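Worth knowing before you read on, the calculation uses all heavy atoms, side chains too, and leaves out hydrogens, waters and symmetry mates. In the text below, chain A, chain B and the rest are named by the order of the sequence lines, each starting its count at 1. As the structure is a computational prediction, the values presented were derived from the model and not from experiment.
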Protein chains: 2
Amino acid sequence: MQERTRPVTINDIAAATGVAASTVSRALTKPGRVSAATRERIEAAARELNYIPNTQARALTSGHTQTIAVLVSDVTNPFYFGIIRGTHQALKAAGYAQLLIDSEDSAEVETQMLHRMRQSLDGAILAASRLPERALSLLAAEIPLVTINRNVRGVQSVMIDTPNGIAQAVEHLASLGHHDLIYVSGPERSWPNEARWRAMRTAAAKHGLQVRRVGPFAGSRPSGTAAADAVVNTRATACVVFNDLLAIGMLSRLAERGVRVPGDLSIVGCDDIFGADFCHPPLTTLTAPIGQAGRVAVAMLLSRLKGPTPPDAVRRTVVLPTHLTVRESTGPAPIPAPS
Amino acid sequence: MQERTRPVTINDIAAATGVAASTVSRALTKPGRVSAATRERIEAAARELNYIPNTQARALTSGHTQTIAVLVSDVTNPFYFGIIRGTHQALKAAGYAQLLIDSEDSAEVETQMLHRMRQSLDGAILAASRLPERALSLLAAEIPLVTINRNVRGVQSVMIDTPNGIAQAVEHLASLGHHDLIYVSGPERSWPNEARWRAMRTAAAKHGLQVRRVGPFAGSRPSGTAAADAVVNTRATACVVFNDLLAIGMLSRLAERGVRVPGDLSIVGCDDIFGADFCHPPLTTLTAPIGQAGRVAVAMLLSRLKGPTPPDAVRRTVVLPTHLTVRESTGPAPIPAPS
DNA sequence: AATCTCGTGGCAACCGTTTGCCATCATTTG
DNA sequence: CAAATGATGGCAAACGGTTGCCACGAGATT
């Protein structure tokens, strides 16, 4: 029925209460700055008129947009769902909006987007950045940044301690009698991938086990085919896989080839994403506190936006623990067939 | 090294080229309005200085924020991944930013958020709105809206034609010799849920099959337990389930109870979400073009934002076809045990 | 040759809010 | 009782663009 009405502004409130616009502004944003009496009158009027502050105008002077970008390298990767959920919750609770950006696995898109939007953002959370270290530092000087699973000097970060979990996984496999392990590598330039591989080697060494690596593979389901084939060729009896997505892809291929899991081959994934518990067989995996990672990242970012960077009060890096969740994709090492 | 530099403004460019700021503005936004020569000079300077227009300031006068909100009822529901991906792609291509909002399945949050942000948005896409029809119409008057899977007079929408797919599913089950069908119902107030149930009844009637309904259940994995138990009680031989998430939940419970799928019970899901192909057994399901739905929704919204609502040139409702993807959760009806 | 057009660019107001500075008045202090 | 102090509110200038209106000059028209 009614025309699209012009939104209520502070001027309308000022007119309604007979004070200046500046007083309205202060009453609404700096509670102590005006007398309690007038503040109440103004607040009443604001409620009455159903006033909603204009974010754009606010941002223009204050420089704060109340918006945080969350960058993921691929929105369809279930690993990020948890993160997105976590950041979303925390941001919403703090009154911030979440701008979701898919960097399409491209460092260029990542920089471009961040650079172009920097005036519209108060900060950004980088889940799995593909950026080289130098570019990341540079960017961090332009806009407040928190990375997830990426450790760069001078940039706050939340690290998921998968390496430590890897040790648990290797222990688990060792106790099942496996001697010959494979690490199925993810993308070469992925930071967590390298960390996992290093952890795997040290853990294997500690238990006196042999460990090799195949790959690199993309951390996606389709790559599972090639990965599975590669692993089968090695004749190893157990493997730890870069992430669950890849592991699930492998599962399909192995079923196709008639390789029994865990009868012939035990598999450990990483992350415990959606699906890891209902694939077949359910995946033994390193459960990562993904949602928490998102929430913590937001907390770090926001605390920095509030206090003007108290040098050390803000912790630079937070490490979140992981643990091994044993399901059905791991089992005793097969008795070697007499050759 | 360098201080956080003040961003380049239109005035800087004006100063650099010796023209007025207004001319710069026009050169950059209304190409025909200035002479080619000056425009080129200005563009060169803009490139040179690495000028990035300030979105907030632009929005203030123009009223356009180049931002579209995408509302989902639960970010962690894999059904929305596809939609989010689709909208994201399309929006990015058109130079819009995507603001992701989780309505937490609450009509109240939905209205609140939309209302509060309406000044910061050019429009919104509602994937699975929980809003009553009236509220939706009202909201549509406030801010350009496109709904997905929700048909309300006067509101543009993208409909996924699952009902038609249901007919295919019933046909499939009929051909496998099933006579006694169950529809496992989703949330009561869900629009698509009702549509699916209606389609199921007419399809069953057409084939002379018996069909009942159990539920309502939440469209989530945990609800699968109760749903599975309910279905087993009915002694039906086949069921169509509101969505894949619920179906996958049922699968787990059925395995636990020793009910074989499809040996004892055939199951058809809806949506073909991530995971439907690798659960156990892989789910026969109605494949919905989810990503496309997101893209189409964006296209509809943007075309309306451009042309000032050419009454009919903009189609009001677009229907997207679905098809049945047969995997391994459906099979021949069991031979009834002699009682 | 005088006028009409049109293309081009500048001026200045405006979008809604924030904020530095000043004026006012009441209260406290010496 | 005069002066200093502090609390409170108004004025006006930003913030970075956009846009209506006007002015100027060149080419076209009569």
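The nucleotide range of DNA chain C contacted by chain A, defined by atoms under 4.0 angstrom from heavy atoms of the protein and reported 5' to 3', is C:dG16 to C:dC21. Protein chain B contacts DNA chain D from D:dG16 to D:dC21, reading 5' to 3' and using non-hydrogen atoms of the protein with a distance under 4.0 Å.
Between the side chains of A:T55 and A:Q66, no donor-acceptor pair is found at a separation under 3.5 Å. Using modelled atom types and a 3.5 Å distance limit, the side chains of A:T317 and A:S157 yield a donor-acceptor pair.
Of the residues in residues 38-54 of chain A, those lying under 4.0 Å from DNA chain C by heavy-atom distance are A:Y51, A:P53, A:N54. Scanning residues 10-21 of chain A for heavy-atom distances under 4.0 Å to DNA chain D yields A:G18, A:V19, A:A20. Of the residues in residues 55-62 of chain B, those lying under 4.0 Å from DNA chain D by heavy-atom distance are B:A57, B:R58, B:L60, B:T61.
Mapped onto DNA chain C by nearest heavy atom, A:V24 and B:G32 fall at different nucleotides, with B:G32 at the one closer to the 5' end. The 5' end of DNA chain D is approached more closely, in terms of each residue's nearest nucleotide, by A:Q119 than by the other of B:R33 and A:Q119.
Backbone-only contact: B:T9 has heavy atoms under 4.0 Å from sugar-phosphate atoms and none from a base. B:S35 comes within contact range of the sugar-phosphate backbone alone, with a heavy-atom separation under 4.0 Å but no base atom that close.
Under a 3.5 Å cut-off, the side chain of A:H88 and the backbone N or O of B:D102 do form a donor-acceptor pair. A:Q98 contributes no side-chain N or O that, together with a main-chain N or O of A:L91, makes up a donor-acceptor pair within less than 3.5 Å. Proximity of a side-chain donor or acceptor of B:Q119 to a complementary backbone N or O of A:P7 within less than 3.5 Å is not detected. Panel note: side chain B:R26, backbone B:V34; no donor-acceptor pair is recorded below 3.5 Å. The closest donor-acceptor contact from the side chain of A:T147 to the backbone of A:L126 lies at 3.5 Å or more, if one exists at all. Although no hydrogens or angles enter the test, the distance criterion places no donor-acceptor pair under 3.5 Å between the side chain of B:E142 and the main chain of B:R118. Panel note: side chain B:R150, backbone B:L131; a donor-acceptor pair is recorded below 3.5 Å. Panel note: side chain B:N149, backbone B:I160; a donor-acceptor pair is recorded below 3.5 Å. Between the B:S25 side chain and the B:A21 main chain, no donor and acceptor come within less than 3.5 Å of each other. With hydrogens and angles ignored, the 3.5 Å screen pairs a side-chain donor or acceptor of A:D122 with a backbone N or O of A:T65.
Residues that satisfy the ring-ring contact (aromatic ring centres under 6.0 Å, His included) test with B:F81, not counting sequence neighbours, are A:F81.
Using a cutoff of 4.0 Å between basic side-chain nitrogens and carboxylate oxygens, B:R47 and B:E43 are not scored as salt-bridged.
Between the NE2 atom of A:H64 and the CD atom of B:Q56 there is a distance of 12.0 Å, given to the nearest 0.5 Å.
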